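Structure record follows, encoded as structure tokens.
Order of the sequence lines fixes the chain letters, A, B, ..., with proteins taken first and strands second; residue numbering starts at 1 for each chain. The basis for the numbers below is simple: all heavy atoms, side chains too, and nothing from hydrogens, waters or symmetry mates. Since the model is a prediction, treat every value here as computed from it, not as a measurement.
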Protein chains: 2
Amino acid sequence: MILSNVILGMLAVAPMTGYDLKKRFDTTVAHFWSADKAQIYRTLARLVADDLAVVMTVRQDGLPDRQEHHITDTGRTALAEWLLSAPDPYRERDPFLARVFFSGTLEPDDILALLWARRLAAQSMLDELVSQLGPSVTPVSKNREEYMRSATLRNGISHVRAELEWLEAVEEGLQ
Amino acid sequence: MILSNVILGMLAVAPMTGYDLKKRFDTTVAHFWSADKAQIYRTLARLVADDLAVVMTVRQDGLPDRQEHHITDTGRTALAEWLLSAPDPYRERDPFLARVFFSGTLEPDDILALLWARRLAAQSMLDELVSQLGPSVTPVSKNREEYMRSATLRNGISHVRAELEWLEAVEEGLQ
DNA sequence: TACGTCTAGTGGACAAGTCTACTAGACGTA
DNA sequence: TACGTCTAGTAGACTTGTCCACTAGACGTA
């Protein structure tokens with residue numbers, strides 16, 4: 001499962017609660033993965049059952065206890081194995097393309113509206129990715145970990161730009 | 001559900017059996033959607049239960065009976081509603097980016113191997129998409145339906161090209 | 001003749017992902 | 001004072017998607 005590996009990857013950086021993880025999924029890794037709360041907690045339970053993580057309950061005053069999940073040595077091994085394992089198949093599922101595929105029977109105006117809505121979504125996604133990347137001039141390979149993390153953002157940006165260019169070409173062809 | 005709408009879209013072109021649909025999912029629409037056999041048959045059953053399709057059993061000699069599924073008027077209405085409904089959120093789940101995000105702790109050679117494997121996959125995907133599109137010089141808007149269908153292929157091609165360019169840039173940055 | 005493939009479909013288990021509702025104290029604001 | 005939000009987590013139903021096994025006749029090939 002990919003989710004459990006992503007969680008292991010986060011725990012490898014710092015011990016976290018399910019709550020902490022959920023926040024990461026909604027922010028720093030949102031551009032390539034998402035996860036429901038219930039799913040996160042279930043997966044954490046399985047990591048513990050498989051000895052890939054251990055829980056430490058931390059008392060806090062004024063706040064609920066934290067169930068801190070720490071990665072184990074077995075966990076780190078599993079993470080490294082995943083990173084080096086055979087690549088996942090190059091497959092995509094794109095609900096938008098599904099609509100486009102069958103949109104040929106619609107009125108031309110409706111097709112344009114479909115494309116226009118997509119353009120808006122893509123543009124706002126682009127803005128968000130760019131702002132997440134920050135103004136940093138492609139941080140040099142001084143810090144390799146940060147370089148790879150920001151590479152995933154640049155990947156998203158490249159794809160959104162490709163989408164916008166494609167939209168323009170399709171619209172033009174429709175005229 | 002998107003799958004049921006994709007199936008409706010196919011049935012709108014011609015009546016089909018689950019078997020026929022499975023072949024389409026493995027070929028013409030494979031670049032944006034896929035579906036398991038069991039899933040297709042289950043979904044067909046639900047379309048019939050919801051009066052979006054009806055079954056006609058066609059005897060054949062020498063071959064098993066065909067359970068031909070025909071779209072109903074209600075089905076056509078549902079399909080059109082879906083095509084015009086609010087756009088799906090722009091979200092992506094990318095297992096490869098998940099690896100890249102956590103790959104910063106690997107040895108440089110292992111990172112390059114990860115990127116290289118991706119490049120191979122992307123390149124062969126590109127070849128496949130290009131050959132599927134055929135040599136046709138972007139068919140004019142004489143046939144709008146065909147234009148929209150081929151647009152989805154061109155979308156895939158744009159994205160794969162963006163991926164290849166990104167890979168080059170990341171590799172270069174790693175040197 | 002035996003095996004493999006194509007046609008067409010059924011059945012069941014299971015994994016992954018989504019959604020909604022609930023507890024409960026601390027804190028902030030209208 | 002009442003409501004909303006943040007913190008942290010639990011519980012359960014449900015939908016989607018994947019995998020594997022099985023039936024069964026027709027046809028082709030080694």
remark   = Whole-Å distance, K22(B) NZ to dT10(C) P, equals 16 Å
request  = Find the partner of dG28(C): check Watson-Crick (N1-N3 plus N6-O4 or O6-N4) and G-U wobble (N1-O2, O6-N3) distances, both under 3.5 Å, and reply none if neither fits.
outcome  = dC3(D)
key: Interatomic distance, Q39(A) CD vs dG17(C) P [rounded to whole Å]   = 5 Å
task = State whether the side chain of R144(B) and the backbone N or O of L174(A) hold a donor-acceptor pair below 3.5 Å, judged by distance alone.
result = no
message = Could you check whether any side-chain N or O of R149(B) sits under 3.5 Å from a backbone N or O of G104(A), counting only pairs where one atom can act as donor and the other as acceptor?
response = no
task = Under a 3.5 Å limit for both distances, which nucleotide forms a Watson-Crick or G-U wobble pair with dA21(C), could you say?
result = dT10(D)
ask   = Using the ring of each side chain (for Trp, its six-membered ring), is W166(A) parallel, tilted or perpendicular to F96(A), with breaks at 30° and 60°?
value = perpendicular
request  = With heavy atoms under 4.0 Å as the rule, sort A38(A) into base, sugar-phosphate or nothing.
outcome  = base
key: Under 3.5 Å: donor-acceptor pair, side chain of N143(A), backbone of E145(A)   = yes
request  = With sequence neighbours left out, write down each residue that passes salt bridge (Lys or Arg N to Asp or Glu O under 4.0 Å) with E68(A), or none if nothing qualifies.
outcome  = R66(A)
remark   = D61(B) atom CG is separated from dA8(C) atom P, nearest whole Å, by 13 Å
ask   = Between the main-chain N or O of V170(B) and the side-chain N or O of Y147(A), is there a donor-acceptor pair closer than 3.5 Å?
value = yes
message = Using modelled atom types and a 3.5 Å cut-off, is there a donor and acceptor pairing between side-chain atoms of D20(B) and backbone atoms of T17(B)?
response = yes
request  = Could you list where the contact with chain A starts and ends along DNA chain D, reading 5' to 3', using a 4.0 Å heavy-atom cut-off?
outcome  = dC6(D) to dT18(D)
ask   = Going by heavy atoms closer than 4.0 Å, what residues in residues 41-60 of chain B are next to DNA chain C?
value = Y41(B), R42(B), Q60(B)
remark   = Re dA13(C): Watson-Crick or G-U wobble partner, both distances kept under 3.5 Å, found to be dT18(D)
Residue closer to the 5' end of DNA chain C, L63(B) versus R91(B) (nearest nucleotide) = L63(B)
Spacing of M16(B) atom CE relative to dA8(C) atom P, expressed in whole Å = 12 Å
key: Under 3.5 Å donor-acceptor, R118(B) side chain and L167(B) backbone   = no
remark   = Heavy-atom nearest nucleotide on DNA chain C taken for P64(B) and for L3(A); more 5' hit belongs to P64(B)
4.5 Å side-chain heavy-atom contact, H31(A) and N155(A) = no
key: Length of the line joining M1(A):CE and dG17(C):C1', which is rounded to integer Å   = 10 Å
query = D36(A) has an atom CG; how far is it from atom C1' of dC19(C), in whole Å?
reply = 7 Å
